[in-house]
Amino acid sequence: METKCFTGLLNLSTPRPDKNIIKSSDSSYGVRIRPKQSTRREQMREHEENASHPGIQKKSRMKLSDLFDSVEHINEQPRQQSEKAKVKQLAKQANDKKQGKKGSENKRPFVNGISPQFHTAEIEDDHLIGDFSKTYLLPLEKGKHQDLKYISCITLARLLRGGYQDVVQQYHIVDCRYPYEYDGGHIKGAYNLYKEEHISDTFLKNDTHPKSTTLLIFHCEFSSERAPKLCRLLRNLDRNANRYPHLHYPELYILKGGYKEFYGKFKGLCEPQGYVNMLHKSFSDQLKQYHRKNKPCHVSTVRKELFKPLYSNKCTVLKKHPAKD
């Protein structure tokens, strides 16, 4: 029988890779071959060598729990540290009181060259007037706006009847409602100031009103929008006109519930004794006029004014006078 044989020549120029050799990163072969695993005999030999040389030992694996403390021990450490810090702080405060030392908490930095004297309790208290010189004279109530101070209708009624004479020198009530609301009924002695110009002209430009010791009480129908807006306006104008923290009118109040609540409880302190709603049908035309004055310009109208040509398209034609013969 004839046997077929391979007559082609082998390409011996490129050596075959040895599987037992690990290729380095800079070799031309892309395939990385894993090293041969150690046999059981080699493991036994290594174990005997380690036993004969106890000083030289192979690195063994450890659990993470052995390296770190337990969870309970970790949670207890910050508690113990915080308790120790509290004890040290209390001991330090007791020593300072005995020696009569003032801590760094009582020190207040200079602001624009002014350093008024304050106590630590007053700094932490939220019942200081605008120039931080003293606390509010009238009892305060919680209201809608957190940055403003409110008083109740009972407090204002007591003030009108002669209460708080030992602490209050002078006060003014500012009615921020529209004129037709004011004419329909208002609190006795209240000023009707519903424009921003009225506020600045009456209290800042006019020197007839005594300042710094005068209390101002703002209100509108519900004391939710108009009165808080004008109250903030006066405070901002007062800040700009004075050096911080001095103010002409440091003590400002908002009547909680507005005229509606006050009229429902104390009609005898109103003149005339009546109440006209802002949305009353008889005064709808006047309400539109007041809203139109206070309404800001629309974006489209502003753009028209900005891109309006300096000269109109219509050219004026000058008439020529007939020539005199």
Side-chain angles (χ1 to χ4, degrees), residues 105-106 108 111 114 116-177 186-194 199 202-204 209-239 241-242 244-270:
E105 296 177 356
N106 295 336
R108 186 176 178 87
V111 180
I114 301 171
Q117 295 180 356
F118 296 105
H119 298 287
T120 308
E122 292 179 349
I123 293 171
E124 294 177 355
D125 195 359
D126 193 28
H127 300 289
L128 294 176
I129 62 176
D131 59 357
F132 312 110
S133 60
K134 59 181 180 179
T135 58
Y136 283 89
L137 299 176
L138 300 179
L140 300 176
E141 300 285 336
K142 291 184 179 180
K144 179 180 178 181
H145 303 276
Q146 296 181 359
D147 60 323
L148 302 175
K149 305 302 177 184
Y150 288 79
I151 60 171
S152 63
C153 297
I154 299 172
T155 302
L156 181 57
R158 183 182 173 185
L159 187 65
L160 290 169
R161 289 169 179 168
Y164 304 104
Q165 290 184 356
D166 53 341
V167 292
V168 178
Q169 296 182 6
Q170 192 171 2
Y171 67 93
H172 295 300
I173 303 171
V174 182
D175 193 337
C176 303
R177 298 179 299 161
H186 59 271
I187 301 172
K188 290 181 179 180
Y191 292 93
N192 185 214
L193 307 174
Y194 62 96
I199 297 295
T202 305
F203 296 112
L204 296 178
H209 294 285
K211 301 175 181 179
S212 70
T213 58
T214 303
L215 279 65
L216 298 181
I217 303 167
F218 291 78
H219 79 87
C220 53
E221 186 176 0
F222 305 103
S223 292
S224 60
E225 291 185 11
R226 290 178 284 179
K229 179 182 177 182
L230 294 179
C231 183
R232 291 193 185 99
L233 173 72
L234 178 61
R235 175 53 55 85
N236 292 332
L237 294 175
D238 204 354
R239 286 286 185 203
N242 292 280
Y244 186 85
H246 296 301
L247 291 169
H248 290 312
Y249 299 95
E251 201 159 352
L252 305 178
Y253 296 96
I254 300 291
L255 178 62
K256 187 177 180 180
Y259 180 77
K260 182 179 180 180
E261 185 175 341
F262 187 86
Y263 177 75
K265 293 181 178 179
F266 305 100
K267 292 182 181 180
L269 298 175
C270 301

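With values rounded to the nearest 0.5 angstrom, L137 atom CG is found 4.0 Å from E251 atom CD. To the nearest 0.5 Å, atom CZ of residue R226 and atom CG of residue L193 are 13.0 Å apart. The CG atom of L148 sits 13.0 Å away from atom OH of Y253, with the distance rounded to the nearest 0.5 Å. Separating the CD1 atom in I217 from the OH atom in Y191 is a distance of 12.5 Å, to the nearest 0.5 Å. Here the OG1 atom belonging to T214 is positioned 4.5 Å from the CD atom belonging to Q170, to the nearest 0.5 angstrom. One finds the CZ atom of R235 at 14.0 Å from the CG atom of L230 (value rounded to the nearest 0.5 Å).
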field: Pair L140-H127, side-chain contact (heavy atoms from CB on, under 4.5 Å): steps then yes or no
entry: CA-CA 8 Å; L140 300 176; H127 300 289; 3.1 Å; yes
- prompt: Would K144 and F222 satisfy side-chain contact (heavy atoms from CB on, under 4.5 Å), going step by step from the backbone distance to the final call?
  reply: CA-CA 11 Å; K144 179 180 178 181; F222 305 103; over 6 Å; no
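When all heavy atoms are compared, the tightest approach of S224 to C220 is N-SG, 3.8 Å. Residues Y194 and C176 approach most closely at CB-O, 3.6 Å, considering heavy atoms. Of all the heavy atoms in A227 and S223, the pair that sits closest is CB-CA, 4.4 Å.
Between Y263 and Y259, the two ring planes are parallel [angle under 30°; tilted spans 30° to 60°].
A distance-only check finds a donor-acceptor pair linking the side chain of Y249 to the backbone of F203 [under 3.5 Å]. Checked by atom type and distance alone, the side chain of D131 never pairs as donor or acceptor with a backbone atom of P245 at under 3.5 Å. The main-chain N or O of L247 is never found under 3.5 Å from a side-chain atom of D238 such that the two would form a donor-acceptor pair.
Under the 4.5 Å side-chain criterion, counting only non-hydrogen atoms from C-beta, T135 is not in contact with I129. Contact annotation: the side chain of L138 never approaches that of Y171 to less than 4.5 Å [non-hydrogen atoms, C-beta and beyond].
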Show which side-chain atoms of residues 149-156 pair as donor or acceptor with protein atoms under 3.5 Å away, not counting sequence neighbours.
| residue | atom | partner | partner atom | Å |
| --- | --- | --- | --- | --- |
| K149 | NZ | D126 | O | 3.1 |
| K149 | NZ | D126 | OD2 | 3.4 |
| Y150 | OH | H145 | N | 3.2 |
| S152 | OG | T155 | N | 3.3 |
| S152 | OG | T155 | OG1 | 3.0 |

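Each of I173, I254, V174 was evaluated against H219; a single residue qualifies, I173, per the side chain to side chain contact (heavy atoms under 4.5 Å, CB included) test.
With Y244 as the aromatic partner, R239 does not meet the cation-pi criteria of under 6.0 angstrom to the ring centre and within 45 degrees of the ring axis.
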